[in-house]
Each structure stands twice: as C-alpha cells, then as structure tokens.
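Down below is the structure, laid out as structure tokens.
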Amino acid sequence: MPSSHASTSDSKPSGAGGGVQSLERAFDLLERMADAGGEVGLSELSASSGLPLPTIHRLMRTLVLCGYVRQQSNRRYALGPRLIRLGESASRLLGTWARPYLQRLVEETGETANMALLDGDEVVYVAQVPSKHSMRMFTEVGRRVLPHSTGVGKALLAHTPADEVRALLARTGMPAATDKTITTPDGFLDALEQVRRAGYAVDDNEQEIGVRCLAVPVPDSPTSAAISISGPAGRVTETATERIVPILQQVAKELSEALASSGGPTG
C-alpha cells in the first residue's frame, strides 16, 4: 500500500500508476483498522497514517455512509458488517486460485492437499484437492476447527506474539480431539517454537487418530494462510516428511508470488 501524504485534493491521481489518492487512502485506513484489531479512534489513525484529522474524518464519514465502517457509541470507529460479504467472497476466490498449486502438491506428494485461513479465532478450510489413494483424508471445504489441534493452525499462529496466542486460547479453550491433542497454552507455545525452528508444522494424530498432517504458512499472503498435506500416519512417516516438506515450502513460495503479482495466480 503506498504511503499516504497530506494533500489539498483527495481525488487527484497518485503516482505513476494513475491511482486515485482518496481510494488508496481509504483502503489504507481500513487496513490500519484491521491491524489495530478492528476498532480505532481518529487520533490513532492520524498518528499511524500521517494524514491530517480533517482528511481522515472526511474519508471515514464516506466509509460509514457506505457501510464499510461504523461509528461506535464511544465515538471510535469499527470495521463495518458490509466488509463481511467482501471478505467471504475473497476467501472463496483465494481458495479457487490455490487449487492448481494444491493439485501440484497431490501429484508430487501423493497425499490430500489443503489450504486454510485464520478467520477470527478459528481455522477455516477454503480449498482441498484429494489424494488419488483409496485410503485418503477428506476435509470439507468450509469446515472450521480450533487452531491448537491442527498443523495448519500451528503454521498460521507460529509468528503471532505469545500474549496474543494465549488470549486466543483463553477464548477458544483447548478441548482434546484425541489423546494426542495439545491441551495447555505452554505446550502449544512450545509447539509453535518448534514450527519456527523447523520451518513447518506437524499434526501427529492430534486432530484424528491415524492421521498426520504437515503444514507451512504462505509467506506474505494478503491474509494469514497456510497449505498442508494430510494422510494416514503409515504413509506420512518421518522419512516421507523429509521429502514432502521442501515441496510444501516451494509450492507455498510460488503461491505467495502469484498472489502478489498484479495478474493473479495462473497455476
């Protein structure tokens, strides 16, 4: 997102790309609101963006009228409900874009490939390509799970500050899906440290007995995303892990580059 600068005209073209400055600024403010947890005051936005208060007030008033922001009773501003539909549509499209990359994972690893996003405190699966094996794992697209019991959850939270992770776990609880599920915050934080050291996450019978999952984050994704493969523990062995993880990391890198390109993913 281009840096914002004060101007006497919000609607003038900005930069060599010919973008409309008021649109750039409005989206920048929305992203700053999201980064701040979804609710901010005008003075906070002014301090973080460098824009003068009158400009921010004018942009926020427009966003409120359009339903993308709402003003709270305490006069702070919060992200509005109209963004939900946009986010849901974008999530579905992101899953569609990811499918060719997941297909490659299936072809190169032989196991079911998944893509998941962090939506609030939950993990939601947005795309899947099943393995060709008769014995394979199947996760319904749209399924929601808690992060502490999944490889994708660990990958998504690996670089989140510890206090934020503890707060999330306090909100969700840590119910055991199996007797292998991590059920303490300290245990989960230790697992996240292992993810950071190794560069990938493992779900070893923690969501379902007999199933192992390997997951990596999609670097620099526009929203927190991870891809994974899952299969029977008898196939996704330690030896198989050494072969599969570099493939996962390479596909995640290529998907990230495709998402960052102006033309979008091509597969």
Side-chain angles (χ1 to χ4, degrees), residues 31-40 44 72 76 78-79 81 83-84 87-88 90-91 94-95 112 114-128 137 139-230 233 236 241 245 248-249 252:
E31 291 192 2
R32 291 179 188 277
M33 291 178 70
D35 290 342
E39 181 179 317
V40 296
E44 295 169 58
Q72 309 283 67
R76 290 167 65 82
L79 296 175
L83 290 170
I84 295 173
E88 290 176 343
S91 294
L94 187 60
T112 296
N114 313 281
M115 183 179 192
L117 308 179
L118 191 63
D119 183 20
D121 291 343
E122 297 178 314
V123 171
V124 58
Y125 289 92
V126 296
Q128 181 181 82
M137 303 305 104
T139 296
E140 183 181 359
V141 171
R143 180 188 178 201
R144 291 174 175 270
V145 295
L146 297 181
H148 72 281
S149 62
T150 63
V152 284
K154 294 174 188 174
L156 289 166
L157 293 175
H159 297 284
T160 301
D163 58 342
E164 294 182 23
V165 173
R166 288 185 183 276
L168 183 153
L169 296 174
R171 291 190 298 268
T172 64
M174 301 184 71
T178 75
D179 60 3
K180 298 280 191 178
T181 306
I182 299 171
T183 56
T184 66
D186 286 344
F188 189 67
L189 289 171
D190 287 345
L192 297 187
E193 175 59 29
Q194 294 175 24
V195 175
R196 290 191 292 272
R197 286 201 305 266
Y200 66 96
V202 181
D203 159 11
D204 189 0
N205 294 272
E206 296 162 48
Q207 176 67 215
E208 184 177 347
I209 291 295
V211 177
R212 292 188 87 231
C213 170
L214 307 173
V216 299
V218 179
D220 302 317
S221 173
T223 187
S224 187
I227 58 173
S228 69
I229 64 92
S230 54
V236 187
T241 297
V245 166
L248 265 172
Q249 292 171 331

For Asp220, does the CG atom sit with more than 12 other heavy atoms under 6.0 Å from it, leaving out its own atoms? no
Please name the pair of heavy atoms, one in Pro147 and one in Leu168, separated by the smallest distance, quoted to 0.1 Å. CG-CD2, 4.1 Å
Can you find a heavy atom in the side chain of Asn114 that is under 4.5 Å from one in the side chain of Arg143? no
Indicate whether any N or O donor in one side chain lies under 3.5 Å from an N or O acceptor in the other, for Thr150 and Gln207. no
Looking at Pro175 and Thr181, what are the two nearest heavy atoms and their distance? O-CG2, 3.8 Å
Does any non-hydrogen side-chain atom of Val195 lie less than 4.5 Å from one of Arg197? no
With no hydrogens and no angle check, is any side-chain donor or acceptor of Arg196 less than 3.5 Å from a backbone partner on Ala158? yes
Rounded to the nearest 0.5 Å, how far does OG of Ser228 lie from CZ of Arg212? 13.0 Å
Supply the atom-to-atom distance Ser221 OG to Leu118 CG, rounded to the nearest 0.5 angstrom. 11.0 Å
Atom CZ of Arg76 and atom CE of Met33: how far apart are they, to the nearest 0.5 Å? 9.0 Å
Within the structure provided, determine whether Ile227 and Leu248 are in side-chain contact (heavy-atom separation under 4.5 Å). yes
To the closest 0.5 Å, what do you measure between CZ (Arg166) and CG (Asp186)? 4.5 Å
Going through the checks in order, is the side-chain contact (heavy atoms from CB on, under 4.5 Å) test met by Arg32 and Glu44? CA-CA 10 Å; Arg32 291 179 188 277; Glu44 295 169 58; over 6 Å; no
Please answer whether the main-chain N or O of Glu122 pairs with a side-chain N or O of Arg144 as donor and acceptor at a distance below 3.5 Å. no
Looking at side-chain heavy atoms only, is the closest gap between Val202 and Leu214 below 4.5 Å? yes
Of all the heavy-atom pairs spanning Met174 and Thr183, show the shortest one and how long it is. O-CG2, 3.5 Å
Measure the spacing between OG1 of Thr178 and CD of Glu208 and express it to the nearest 0.5 Å. 9.5 Å
What's the spacing between Leu192 CG and Gln194 CD if we round to 0.5 Å? 9.0 Å
Backbone of Asp204 reached by a side-chain donor or acceptor of Glu206 within 3.5 Å: yes
Any idea which heavy atoms bring Lys180 and Asn205 closest together, and the distance? CB-O, 3.4 Å
Under the criterion side-chain contact (heavy atoms from CB on, under 4.5 Å), which of Val152, Val126, Val218 is the partner of Leu117? Val126
Of all heavy-atom pairs between Phe188 and Ile182, which one has the smallest distance, and what is that distance? N-CG2, 3.4 Å
Search all heavy atoms of Pro219 against all heavy atoms of Ala252 and return the closest pair with its distance. CD-O, 3.8 Å
Full working for side-chain contact (heavy atoms from CB on, under 4.5 Å) between Leu169 and Leu146: CA-CA 9 Å; Leu169 296 174; Leu146 297 181; over 6 Å; no
